[in-house]
Number of protein chains: 2
Amino acid sequence: MSSTERLQRYLADERDGCGDEEVSQRLAELEEIDTAAGGPSLDADVGLLSALANETRYKIVRILHVAGEELCVCEFAPLLNVSDSAISHALSQLTDAGLVTRRKEGKWRKYRATARANAVLIALDGSREL
Amino acid sequence: MSSTERLQRYLADERDGCGDEEVSQRLAELEEIDTAAGGPSLDADVGLLSALANETRYKIVRILHVAGEELCVCEFAPLLNVSDSAISHALSQLTDAGLVTRRKEGKWRKYRATARANAVLIALDGSREL
DNA sequence: CATTCAGTTGAGCAATTATTCAATCATATT
DNA sequence: AATATGATTGAATAATTGCTCAACTGAATG
């Protein structure tokens, strides 16, 4: 079945006309919507969301957001019951996604939430009881 | 190794005092941050983010956001190259996560983005070039 | 310069996820 | 009632993910 036959029946149902013309017009509208929806930032956005979609990583970002300052890796460890290695993997993925930044200070590494991370968390908080 | 020994060395490095007292005070601060970070909405938030962290589902929500109106399942199909079944699974997960709402109209089902979905997408857009 | 410590990296494995196929439900039509 | 259509559901499977362990890097310190 062509992908548009069902759409054709739908439009015939909803609207009065059922001509091919109206179908292809609606299809063009949908393509336009799709193009506007799927820009080049789609992959990066899904990457960012994937980075946040895990309890360990989400907690790290939340902790940094609440702390409002940079924290040392050694300060996360007591709060997350996973291995140091898991924490390091999590921090790398968050860094790649643009959610945290890293800074060296002697033998310690300090991480901070980015403006983007804060913006997303604030949106989540603000929309919770909409 | 106790989880706090490294923290103790860190604090001794950063600050002047290195007493047990200062360590346990910082630990208490961190626990407080952790509590503030990890409220009951943590699971729901991770669920919401997981629902968005997939190209098919993200595109559906984006399309609904851009469209600004409810769309029929049959209108997604031409834009997403996955099976109808996959689209239906995606829509169910998005509904469970509170990102879209469903409405029956005859034999057609129409979906709409929720206010929360729109808020998150707007935050992503607005924070892109921070 | 050998050792220690903080953190990272990669391999491996268990658990989860994304998709499809087939069957089913629900609504409309004949 | 029987059939057709839109959509959903569940099972099966391939792909991805999250974690740990062990080995490693880089920086400080004896």
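The structure presented is a predicted model; accordingly, all values stated were derived computationally and were not measured. A note on names: the letters A, B, ... follow the listed sequences, proteins ahead of strands, and every chain is numbered from 1.
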- Using atom CD of B:Q8 as one end and atom C1' of C:dA6 as the other, report the distance to the nearest whole Å. 16 Å

- State, without any angle test, whether A:R6 and A:Y10 hold a side-chain donor-acceptor pair at a distance under 3.5 Å. no

- Task: Do nucleotides 20-30 of chain C as a string where each nucleotide becomes B, S or -: B if the base has a protein heavy atom under 4.0 Å, S if just the sugar-phosphate does, - if no protein is that close.
- Result: BB-----SS--

- In whole angstroms, the gap separating C1' of D:dG6 from CG of B:L71 amounts to 16 Å

- Message: Could you check whether atom CD of B:E21 has more than 12 heavy atoms from other residues, nucleotides or ligands sitting under 6.0 Å from it?
- Response: no

- Message: I'd like to know whether B:D45 forms a side chain to side chain contact (heavy atoms under 4.5 Å, CB included) with A:Y58, so could you lay out the CA-CA distance, the side-chain angles of the two residues, the decisive distance to 0.1 Å, and finally the verdict.
- Response: CA-CA 9 Å; B:D45 282 357; A:Y58 182 81; 2.7 Å; yes

- Counting only side-chain N and O atoms of A:S88, is one of them less than 4.0 Å from OP1 or OP2 of C:dT9? no

- Query: What do the steps show when you test A:E69 against A:R112 for salt bridge (Lys or Arg N to Asp or Glu O under 4.0 Å), and what is the final call?
  - Reply: CA-CA 6 Å; A:E69 60 178 348; A:R112 179 191 296 276; over 6 Å; no

- Ignoring backbone atoms, test whether A:Y111 places a side-chain nitrogen or oxygen under 4.0 Å from the OP1 or OP2 oxygen of C:dT8. yes

- Message: Contact between B:F76 and A:L30 at the side-chain level, heavy atoms closer than 4.5 Å - yes or no?
- Response: no

- Task: Calculate, to the nearest 0.5 Å, the distance between atoms CG and CZ belonging to B:L91 and B:R57 respectively.
- Result: 10.5 Å

- Hey, does B:S50 reach any base, or is it just sugar-phosphate, or nothing, if we go heavy atoms under 4.0 Å? nothing

- Note on the structure: Quick note, A:R102 side chain, CB onward, closest among C:dT19, C:dT8, D:dG6 is C:dT8

- Item | Qualifying residue, where the test is salt bridge (Lys or Arg N to Asp or Glu O under 4.0 Å) with B:E105 and the options are B:R109, B:R102, B:R103 | B:R103

- Item | Shortest side-chain distance from B:R6, nucleotide among C:dG7, C:dT8, C:dT19 | C:dG7

- Tell me, do A:Q25 and A:E29 make a side-chain contact under 4.5 Å, heavy atoms counted? yes

- Interatomic distance, A:N54 CG vs D:dC19 C1' [rounded to whole Å]: 10 Å

- Message: If you apply the rule side chain to side chain contact (heavy atoms under 4.5 Å, CB included), what do you find for A:D34 with B:K59, and how did you get there?
- Response: CA-CA 8 Å; A:D34 189 48; B:K59 277 194 79 176; 3.4 Å; yes

- Could you tell me the separation between the CD atom of B:E55 and the C1' atom of D:dA15, rounded to a whole number of Å? 15 Å

- Query: Expressed in angstrom and rounded to an integer, what is the separation of A:Q93 atom CD from D:dC19 atom C1'?
  - Reply: 12 Å

- Encoded 5' to 3' (Watson-Crick or G-U under 3.5 Å; [ ] crossing; | other strand), DNA chain C becomes ||||||||||||||||||||||||||||||

- Among C:dA18, D:dA7, D:dT8, the one nearest B:R57 by side-chain distance: C:dA18

- Whole-Å distance, B:E14 CD to C:dA6 P, equals 13 Å

- Task: Just call it for B:F76: base, sugar-phosphate, or nothing, with non-hydrogen atoms closer than 4.0 Å on any strand.
- Result: nothing

- Starting from P on D:dT5, measure out to CD on A:E5 and report it in whole angstrom. 10 Å

- Query: After noting the C-alpha distance and the side-chain angles of A:R116 and A:L48, does the key distance pass the side chain to side chain contact (heavy atoms under 4.5 Å, CB included) rule?
  - Reply: CA-CA 10 Å; A:R116 197 152 199 224; A:L48 184 150; 3.4 Å; yes

- Over how many whole Å does the gap from B:W108 atom CH2 to D:dT8 atom P extend? 12 Å

